[in-house]
Amino acid sequence: MISLVVPCYNGAKTLRLCLESVLAQTRRPGEVVVVDDASTDGSAEIAEELGCRVVRLPENRGVSAARNAGIDATTGDVIFFLDADVALRPDAVAGAMEILERDPEVGCVHGVYDVEPLIDDGPAEWYRILHAVHWRRRHLGEVNSVVFALAAIRRDVLLAAGRFDERLRDCEDVEYSSRLAVRSRIVLTDTVVGRHDDGSRLLPILTEQWRRALPLIPLALATARRGAAKPEHANSPAGILSCALALACLALVLLSVPFGLFHPLAPALPAAFVAGFAIADPVLVGFVRRQRGVAFAAYFMAVHLAVHVVLVTGLAAGSLRLLCGSRTEAV
């Protein structure tokens with residue numbers, strides 16, 4: 001049996017669309033459980049109205065705790081995790097099960113987003129959607145990581161890898177993947193597709209990127225210790241490096257001014273690295289241009305640069321925090 005689990009916190013805007021897509025599947029799950037993570041917007045009532053079983057958490061504990069509660073409340077041999085802001089294509093569950101049934105060595109299958117958002121909330125959301133679509137489709141096939149927004153996993157494989165880490169409210173999928181990848185094969189497929197309602201305001205998008213960047217270095221070190229292969233990257237390494245070098249050069253320029261060391265040509269160096277960032281991933285730029293046109297591609301790259309600035313500074317801050325913590329423990 002297939003158990004479908006939807007963790008939900010204040011998801012009333014999209015939950016009905018999500019659950020209606022589940023009820024319209026060509027291969028219906030045997031049970032649908034919505035784990036309401038102490039919502040205050042009537043999400044639980046929407047789920048009950050559509051005939052779903054609702055597990056109510058008494059206080060907001062985050063998506064990891066909600067997924068663990070969903071595991072405990074279901075009995076299926078396969079658990080399909082679906083975020084409340086994703087509406088599945090009608091053949092998505094069937095597509096995941098076809099791969100799992102064809103190859104018993106595959107323990108987990110996850111999918112990709114459609115190029116159209118679930119609800120069109122403006123250009124910032126289009127940035128998020130198109131970036132997510134591009135990087136996931138770039139890695140189709142056997143992979144080392146899972147995005148649990150739309151993913152099916154065998155229960156025995158899940159239990160062997162352990163529960164989701166409830167201490168993590170961000171990057172929980174990165175941490176879990178490091179445990180899962182050493183135990184089972186994982187497949188990323190475009191036969192499992194969903195339309196996603198993503199963030200639509202720039203400041204919250206940048207704030208989320210900061211939160212997700214902080215634990216990435218510690219998680220990468222933990223992954224290496226487990227002997228798991230490196231997870232797939234969402235951004236071009238060349239782009240990250242160019243952004244980091246641009247920031248480093250800019251910092252040196254700013255530091256040189258008070259000491260009279262400023263040279264008129266000094267700003268050219270960070271500008272050159274910004275230009276390098278712009279051409280670091282031409283396939284991504286071409287994809288965005290084909291989808292939304294030249295003007296939007298320019299907007300996309302401006303937002304992409306801002307996201308990378310936050311990513312690089314977050315990685316640096318997380319590394320510094322890890323280093324300071326290690327020194328404190330040593331003392």
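A quick note: this is a predicted structure, and the numbers were derived from the prediction, not measured. We're numbering straight along the sequence, starting at 1.
Side-chain contact, Glu172 with Ser64: no donor N or O sits under 3.5 Å from an acceptor N or O. Defined by atom type and a distance below 3.5 Å, a donor-acceptor pair is present between the side-chain atoms of His196 and Asp85. Side-chain polar atoms of Arg61 and Asn68 form no donor-acceptor pair below 3.5 angstrom. Between the side chains of Asp120 and Trp126, at least one donor N or O sits under 3.5 Å from an acceptor N or O. Judged by distance alone, the side chains of Thr74 and Arg155 do bring a donor and an acceptor atom under 3.5 Å apart.
Checking each of Asp72, Asp165, Asp83 against Arg67 for a salt bridge (Lys or Arg N to Asp or Glu O under 4.0 Å) leaves exactly one that passes, namely Asp83. For the salt bridge (Lys or Arg N to Asp or Glu O under 4.0 Å) test with Glu208, the passing option among Arg201, Arg169, Arg128 is Arg128; the others fail.
Considering only heavy atoms from C-beta on, Cys171 comes within 4.5 Å of Pro215 through its side chain. In this structure, the side chains of Val32 and Arg53 stay at 4.5 Å or more apart for every pair of heavy atoms. Between Asn60 and Tyr9, some side-chain heavy-atom pair lies under the 4.5 Å cut-off. With a 4.5 Å cut-off on side-chain heavy atoms, Arg292 and Leu130 count as touching. Val86 has its side chain out of reach of Leu118: every pair of non-hydrogen atoms, C-beta onward, lies at least 4.5 Å apart. In this structure, the side chains of Asn144 and Glu232 come closer than 4.5 Å at one or more pairs of heavy atoms. With a 4.5 Å cut-off on side-chain heavy atoms, Cys243 and Phe273 do not count as touching. Residues Phe80 and Val192 form a side-chain contact, since some pair of their non-hydrogen atoms from C-beta on lies under 4.5 Å apart.
Residue Thr14 holds its OG1 atom at 11.5 Å from CD of Glu20, rounded to the nearest 0.5 Å. Of the inter-residue distances, the one linking Ile119 atom CD1 with Asp198 atom CG reads 12.0 Å to the nearest 0.5 angstrom. Atom CZ of residue Arg16 and atom OG of residue Ser43 lie 11.0 Å apart, to the nearest 0.5 angstrom. For the atom pair CG (Asp197) and NZ (Lys13), the distance works out to 4.0 Å, reported to the nearest 0.5 Å.
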Inset, instruction - In sequence, state the C-alpha distance, the side-chain angles, and the governing distance for Leu4 and Glu31, and then conclude on side-chain contact (heavy atoms from CB on, under 4.5 Å). - result: CA-CA 6 Å; Leu4 191 138; Glu31 57 183 346; over 6 Å; no

Legend entry - Candidate pair Phe296 and Arg289, rule side-chain contact (heavy atoms from CB on, under 4.5 Å), full reasoning: CA-CA 7 Å; Phe296 184 83; Arg289 179 181 55 78; over 6 Å; no

Legend entry - CA sep, side-chain torsions, deciding dist, call: Asp103, Arg185, side-chain contact (heavy atoms from CB on, under 4.5 Å): CA-CA 10 Å; Asp103 190 345; Arg185 290 170 56 201; 2.8 Å; yes

Inset, instruction - Could you walk me through whether Gln291 and Ile129 pass the side-chain contact (heavy atoms from CB on, under 4.5 Å) test, one step at a time? - result: CA-CA 11 Å; Gln291 293 294 324; Ile129 292 291; over 6 Å; no

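The side chain to side chain donor-acceptor pair (under 3.5 Å) contacts involving residues 297-320 comprise Tyr127-His304, where partners must be two or more places apart or lie in separate chains.
Val93 and Leu17 fall into different hydrophobic clusters, where Ile, Leu, Val, Met, Phe, Trp and Tyr residues are linked whenever their side-chain heavy atoms come under 4.5 Å apart, directly or through other members. Val115 is connected to Leu284 through a chain of hydrophobic side-chain contacts under 4.5 Å among Ile, Leu, Val, Met, Phe, Trp and Tyr, so both are in one cluster. Cluster membership for Phe287 and Trp135, using ILVMFWY side-chain heavy atoms within less than 4.5 angstrom, is not shared. Following chains of ILVMFWY side-chain contacts shorter than 4.5 Å, one can reach Leu50 starting from Leu15, so the two form part of one hydrophobic cluster. Val187 and Leu150 fall within a single hydrophobic cluster, where Ile, Leu, Val, Met, Phe, Trp and Tyr side chains are chained together by heavy-atom contacts under 4.5 Å.
Scanning both residues, Ser242 and Gly276, for their nearest heavy atoms gives OG-C, 3.8 Å. Minimum interatomic distance between Val283 and His134 (heavy atoms only, all atoms of both residues): CG1-NE2, 3.6 Å. The nearest pair of heavy atoms linking Gly76 to Ser3 is N-OG, 2.8 Å. Residues Val78 and Ala152 come closest through the heavy atom pair CG1-CB, 4.0 Å. Contact between Gln209 and Leu311 at its shortest, heavy atoms only, is NE2-CD1, 3.6 Å. Annotation for Pro7 and Leu82: closest pair CD-O, 3.4 Å, computed over non-hydrogen atoms.
A salt bridge links Glu98 to Arg102: at least one charged side-chain nitrogen sits closer than 4.0 Å to a carboxylate oxygen. Taking a cutoff of 4.0 Å between a charged side-chain nitrogen and a carboxylate oxygen, Glu101 and Arg27 qualify as a salt bridge. Salt bridge absent: Arg154 and Glu105 never bring a charged side-chain N and a carboxylate O closer than 4.0 Å.
A cation-pi contact, defined as under 6.0 Å to the ring centre and within 45° of the axis, links Arg136 to Tyr113.
Taking a 4.5 Å side-chain heavy-atom cut-off between Ile, Leu, Val, Met, Phe, Trp and Tyr, the cluster of Val157 extends to Val5, Val33, Val35, Val55, Leu57, Ile71, Ile79, Phe81, Val112, Leu140, Val143, Val146, Phe148, Ile153, Leu158, Leu159, Phe164, Tyr176, Leu180, Ile186, Leu188, Val193.
Here the side chain of Gln25 pairs a donor or acceptor atom with the backbone of Ala92 at under 3.5 angstrom.
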